[in-house]
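Here the structure comes first, spelled out in structure tokens, and everything after it is commentary.
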Amino acid sequence: MKKYLVTGGAGFIGSNFILYMLKKYDDILLVNLDKLTYAGNLENLDSVKDDSRHVFVQGDICDKELVSDLFDKYDFDYVINFAAESHVDRSIANPEIFVETNVMGTVNLIQTAKEHWLCDKQWKKGCKYLQVSTDEVYGSLGKEGFFTETTPITPHSPYSSSKASADHFVRAFHDTYGLPINITRCSNNYGSFQFVEKLIPLMIYNAMNHKSLPVYGDGMQIRDWLYVEDHCKAIDMVCSDGKNGEVYNVGGHNEHPNIFIVKTIISRLSERLNDPEINENLIKHVEDRLGHDRRYGIDPTKVKNDLGWYPETPFELGIVKTIDWYLDNPVWVEHVTSGDYQNYYEKMYGSKI
Ligand code: NAD
Ligand code: DAU
């Protein structure tokens with residue numbers, strides 16, 4: 001039986017990954033270490049709460065003693081680190097926690113993995129540490145070209161700087177001590193369970209409630225959208241078959257300007273609810289994000305050639321599934337948008353939702 005430490009498994013991608021793995025494999029143990037910050041939500045895992053193949057532990061990846069105790073208890077084969085502070089806007093307002101979790105937390109995980117997996121100069125057979133990183137570490141593209149695995153690391157936001165720093169530590173532990181690793185750098189994910197601060201769920205939620213849709217600047221910034229289940233499949237493939245020490249870029253090959261995404265959501269949602277009040281008059285151009293990257297776009301050739309992975313879900317299908325998921329889960333939406341979210345929204349956008 002393969003035993004995984006999955007960190008951040010109560011967040012958006014981590015919870016989708018746990019559901020994906022439990023569906024795919026019988027003989028598996030997933031220990032989910034999550035601090036349950038504002039972004040973590042155990043309701044995401046309600047459907048597997050009685051499944052003995054998933055063990056939830058509330059705790060911090062920075063906690064040395066706890067992480068070490070978990071290694072002692074479970075003798076992990078793999079660590080997959082999803083845990084992070086993940087929102088760029090929050091990193092601009094409050095960078096310190098991004099350094100703590102994303103940098104210090106990662107260093108604690110790799111240091112503890114080394115202490116447990118390296119014995120008499122031999123690494124535990126088959127062990128691997130997988131760092132879930134982001135295309136944002138490469139900075140911003142012009143009109144032409146794509147990020148490849150050899151694009152120089154040039155992060156612009158406090159968030160992407162913290163992720164880049166973590167990547168450097170992970171690579172350094174491979175180069176210095178021989179820690180078996182992979183780093184995946186993926187583009188913008190969308191799908192079920194995404195917290196309502198990110199572009200797609202925020203626009204769905206506001207439009208459903210006939211609230212204004214805050215588009216930063218001219219809305220012509222481009223992101224490369226990847227359906228979250230396709231990303232989960234890539235992580236599983238890299239973890240099983242990725243070549244030791246390699247970086248893999250994972251992208252949707254699906255670039256769109258933000259304004260296109262917002263207009264698509266308006267059109268699908270108004271059709272689905274038969275509600276003419278959901279229309280483009282809701283769009284409100286607001287002040288641009290500081291240091292806003294203009295374009296991300298991933299060249300997924302390496303992951304395709306080496307591992308046979310490609311993004312399977314067309315955007316037209318993925319966005320409809322995503323909109324339907326938010327409409328079909330009003331209790332989840334109500335829960336995540338109550339309490340602290342209201343204060344966040346008011347501070348961020350200068351008005352109550
Ligand atoms: P998320 O914010 O939805 O979830 C993060 C999870 O980590 C939450 O459950 C939170 O409680 C947990 N967490 C935060 N700090 C922790 C700590 N100190 N100890 C333990 N748990 C902690 O994030 P996400 O969107 O699911 O992203 C997951 C990973 O993928 C992150 O590393 C992120 O940088 C990366 N990533 C995300 C995207 C995207 O589009 N969402 C794209 C590329 C890379
Ligand atoms: O590229 C991968 C990254 O994608 C991940 O590493 C991050 O964890 C994830 O949050 C995401 O970062 P972005 O900054 O690209 O995602 P966000 O959803 O915050 O914003 C997407 C785009 O939409 C970006 O250009 C900013 C814009 N935007 C966002 C919000 C929340 C708006 O115009 N209005 C908004 O209200």
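Both ligands and their constituent atoms are indexed starting at 1 by order of listing. Computed from a predicted model, the values in this text were never measured in an experiment. All heavy atoms count here, side chains included; hydrogens, waters and symmetry mates do not.
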Quick one, Asn81 with Tyr129, criterion side-chain hydrogen bond (donor to acceptor under 3.5 Å, both in side chains). Give me CA distance, side-chain angles, the key distance, then yes/no. CA-CA 8 Å; Asn81 182 25; Tyr129 177 92; 3.2 Å; yes

Assess the residue pair Tyr78 and Tyr4 against the criterion (ring-ring contact (aromatic ring centres under 6.0 Å, His included)); give the C-alpha distance rounded to whole Å, side-chain angles, the decisive distance to 0.1 Å, and a yes or no. CA-CA 5 Å; Tyr78 304 114; Tyr4 294 70; 4.7 Å; yes

Which is it for Tyr345 and Asn206 under the side-chain hydrogen bond (donor to acceptor under 3.5 Å, both in side chains) test, yes or no, and what are the steps along the way? CA-CA 11 Å; Tyr345 194 88; Asn206 281 17; 2.8 Å; yes

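Taking the six-membered ring where tryptophan is involved, the planes of Phe147 and Tyr296 are tilted, since the angle between them lies from 30° to 60°. Below 30°, between 30° and 60°, or above 60°: for Phe56 and His54 the angle between ring planes is between 30° and 60°, a tilted geometry. A perpendicular orientation is assigned to the rings of Tyr341 and Tyr205, their planes being inclined by more than 60° (bins at 30° and 60°).
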Put together the list of close N/O pairs, under 3.5 Å, between ligand 2 and the protein, could you?
residue	atom	partner	partner atom	Å
ligand 2	1 (O)	Asp135	OD1	2.6
ligand 2	1 (O)	Asn188	OD1	2.8
ligand 2	4 (O)	Asn188	OD1	3.4
ligand 2	4 (O)	Asn188	ND2	3.1
ligand 2	6 (O)	Thr134	OG1	2.7
ligand 2	6 (O)	Tyr159	OH	2.6
ligand 2	8 (O)	Ser86	O	2.7
ligand 2	8 (O)	Tyr159	OH	3.0
ligand 2	10 (O)	Ser86	O	3.2
ligand 2	12 (O)	Glu136	OE2	2.8
ligand 2	14 (O)	Arg289	NH1	2.6
ligand 2	14 (O)	Arg289	NH2	3.4
ligand 2	15 (O)	Asn188	ND2	2.8
ligand 2	15 (O)	Arg223	NE	2.9
ligand 2	16 (O)	Asn188	ND2	3.4
ligand 2	18 (O)	Leu199	N	2.7
ligand 2	19 (O)	Arg289	NH2	3.0
ligand 2	23 (O)	Asn258	ND2	3.3
ligand 2	25 (O)	Arg223	NH2	3.2
ligand 2	25 (O)	Asn258	ND2	2.8
ligand 2	25 (O)	His292	NE2	2.7
ligand 2	33 (O)	Tyr216	N	2.9
ligand 2	34 (N)	Pro214	O	2.8
ligand 2	36 (O)	Pro214	O	3.3
ligand 2	36 (O)	Tyr349	OH	2.7

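Near ligand 1, Gly8, Ala10, Gly11, Phe12, Ile13, Asp34, Lys35, Leu36, Thr37, Ala39, Gly40, Gly59, Asp60, Ile61, Phe82, Ala83, Ala84, Ser86, Thr101, Val132, Ser133, Thr134, Tyr159, Lys163, Cys186, Ser187, Asn188, Asn189 each place a heavy atom less than 4.0 angstrom from the ligand.
For the ring pair (Phe, Tyr, Trp, His ring centres under 6.0 Å) condition, no pair includes a residue of residues 149-170, sequence neighbours left out.
Rounded to the nearest 0.5 angstrom, Ile61 CD1 and Leu5 CG are separated by 9.5 Å.
Every residue meeting the salt bridge (charged side-chain N to carboxylate O under 4.0 Å, His left out) condition with Glu312, not counting sequence neighbours, appears here in chain and number order: Lys233.
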